[in-house]
Amino acid sequence: MAIFECRQLTKRYGSTTALDHIDLSLEPGRIVGLLGPNGSGKTTLIKLAARLLTPSSGQILIDGEVPGPETKAMISYLPDREFLPEYMNTRQLLNLYQDFYADFVPARAEEMLSSLDIRPNIPVRKLSKGTREKVRLILTMSRDAKVYMLDEPIAGVDPAARDYILKTIIGNYEPEALVLISTHLISDVESVLDEAVFLKEGHIVLHKSVDEIREEHGMSVDDYFRDVFRC
Amino acid sequence: MKWQFKPGLPIYQQLVSIMKNSIANGTYPAGAKLPPVREIAMEAGVNPNTMQRAFATLEQEGLLYSVRTSGRFVTEDQNMLNNLRKDLSGDYIRELVSQLTQLGMSREEILAAVSEWIQKEDK
């Protein structure tokens with residue numbers, strides 16, 4: 001059964017339609033790339049699943065349920081902007097996550113933080129941008145969630161941090177979970193994806209496995225994307 | 001081991017050929033136990049399902065075999081490993097010959113040039 005399902009899902013902001021009657025069904029156990037240029041509706045879709053927004057019409061279902069407290073408990077969500085309290089250090093953050101999420105595994109987070117030499121008493125505001133990004137990802141991936149939603153997890157980090165982030169995702173998601181990664185940096189994530197979903201102006205223009213795209217078109221998903229979205 | 005992927009080919013196929021090279025060159029010798037799928041996928045920076053598909057292909061071809069509960073191993077069949085080396089070297093030779101033919105060299109010239117190059121290299 002699909003763990004993430006959209007039926008004729010529509011979201012309007014005033015006269016702008018961000019998502020226009022989309023149908024999408026994603027299975028557990030897969031890593032899916034939500035790919036599209038800026039303004040194509042990626043973050044809107046993720047925010048609808050996280051119930052930070054509600055649909056204008058249509059439905060979004062997580063494990064068969066309308067987004068609410070039950071679905072929030074099974075979704076581990078990494079927003080596309082800073083959300084950690086800057087005055088907190090990583091020890092306090094671990095406690096915060098433990099208080100909020102029953103499925104948080106502190107030992108897993110501690111191990112990853114210490115392998116990066118991030119000391120528990122340093123407040124977030126004193127960490128570099130790349131390190132903050134890693135801390136946010138570590139907290140997100142240290143939950144035993146059914147769905148991980150990562151909104152632009154590699155934007156603005158150096159190549160070494162990007163490799164670390166991708167390996168952390170591969171190494172830590174639950175094998176029966178869905179990982180949804182939104183990004184416009186396709187060549188960086190292509191090899192970790194099972195499937196690609198292309199969003200364009202609020203429509204899904206393609207939903208296929210990465211190797212199918214490579215086989216059928218004889219080019220990388222990144223090159224194919226540039227073809228589809230050529231201006 | 002190098003994990004770099006060309007744009008035009010499915011990633012699983014490229015994993016299959018990288019693994020074949022690693023088996024042929026002794027990175028994973030006959031009878032060796034392979035790391036778990038997720039570990040090797042992490043090292044390669046690829047999706048674990050894609051790595052699993054590559055392993056399944058290598059199992060079908062007989063180069064790997066699974067033992068329930070204890071893991072996945074490289075075949076101990078020396079014939080098969082010799083054939084693998086022959087197949088892989090055939091690919092390199094085909095590529096070399098086609099490049100040199102495009103340069104306008106005849107078969108005889110290619111043979112002569114290769115053996116001359118080897119003799120020089122040996123000194």
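What's counted below: heavy atoms across the whole structure, side chains too, no hydrogens, waters or symmetry copies. Everything numeric here is computed off the predicted structure, so don't read it as measured data.
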Asks: Restricting to non-hydrogen atoms, name the atom on A:L78 and the atom on A:F83 that form the minimum distance, rounded to 0.1 Å.
Replies: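 Here A:L78 and A:F83 meet closest at CD1-CE2, 3.9 Å.
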Asks: Do you know which of A:G29, A:S209, A:S187, A:G218 has the most heavy-atom pairs under 4.5 Å to chain B?
Replies: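 Max contact count across the listed options: A:G218.
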Asks: Is it true that the side chains of A:Y224 and A:E216 contain a donor and an acceptor less than 3.5 Å apart?
Replies: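 The criterion, which ignores hydrogens and geometry beyond distance, is not satisfied for A:E216 and A:Y224.
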Asks: State whether the side chain of B:N21 and the backbone N or O of B:S17 hold a donor-acceptor pair below 3.5 Å, judged by distance alone.
Replies: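 Yes.
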Asks: Measure from NZ or CZ of B:R53 to the centre of the six-membered ring of B:Y12 and say whether it is under 6.0 Å with the direction within 45° of the ring axis.
Replies: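 Yes.
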Asks: By a 4.5 Å heavy-atom criterion (distance strictly below it), what part of A:D194 contacts chain B: side chain, backbone, both, or neither?
Replies: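 Both parts, heavy atoms under 4.5 Å.
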Asks: Against chain A, label B:L9 side chain, backbone, both or neither, depending on which of its atoms sit under 4.5 Å from a heavy atom there.
Replies: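 For B:L9, the backbone is the part near chain A, not the side chain.
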Asks: Looking only at side-chain N and O atoms, does A:T131 offer a donor or acceptor that is under 3.5 Å from a partner on A:S128?
Replies: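 There is such a pair between these side chains.
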Asks: Heavy-atom pairs under 4.5 Å with chain B: which of A:S220, A:P175, A:S191 has the most?
Replies: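 Ranked by heavy-atom pairs under 4.5 Å with chain B, first place is A:S191.
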Asks: Flag the pair A:Y148 / A:Y173 as yes when their ring centroid distance falls below 6.0 Å, and as no otherwise.
Replies: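 Judged by ring-centre distance (under 6.0 Å), A:Y148 and A:Y173 do not meet the cut-off.
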Asks: Chain B heavy atoms under 4.5 Å from A:N172: which part of the residue, side chain, backbone, both or neither?
Replies: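 Backbone of A:N172 only, per the 4.5 Å heavy-atom cut-off to chain B.
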Asks: So what's closer than 4.5 Å to chain B heavy atoms on A:V189: side chain, backbone, both or neither?
Replies: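 Neither; nothing under 4.5 Å.
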Asks: Using non-hydrogen atoms and a 4.5 Å limit, figure out which bit of B:Q14 sits close to chain A: side chain, backbone, both or neither.
Replies: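 Contact with chain A is through the side chain of B:Q14 alone.
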Asks: Below 4.0 angstrom, N of the basic side chain to O of the carboxylate: do A:D158 and A:R162 qualify?
Replies: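 Salt bridge absent between A:D158 and A:R162.
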Asks: Checking an interface table here. Which of residues 37-52 of chain A come within a heavy-atom distance under 4.5 Å of chain B?
Replies: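 No residue falls under the 4.5 Å cut-off.
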Asks: Any salt bridge linking A:K146 with A:E174? Criterion: basic side-chain nitrogen under 4.0 Å from a carboxylate oxygen.
Replies: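 A salt bridge is absent here (no side-chain N lies under 4.0 Å from a carboxylate O).
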Asks: Parallel, tilted or perpendicular: which describes the rings of B:F73 and B:Y65, with under 30° parallel and over 60° perpendicular?
Replies: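 Aromatic pair B:F73/B:Y65 classed parallel.
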Asks: Under 4.5 Å from any heavy atom of chain B, what part of A:L166 do you find: side chain, backbone, both or neither?
Replies: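 Neither part.
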Asks: I need the single residue from B:L34, B:V67, B:L58 that forms a side-chain contact (heavy atoms from CB on, under 4.5 Å) with B:R72. Which is it?
Replies: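 In the set B:L34, B:V67, B:L58, the residue that makes a side-chain contact (heavy atoms from CB on, under 4.5 Å) with B:R72 is B:L34.
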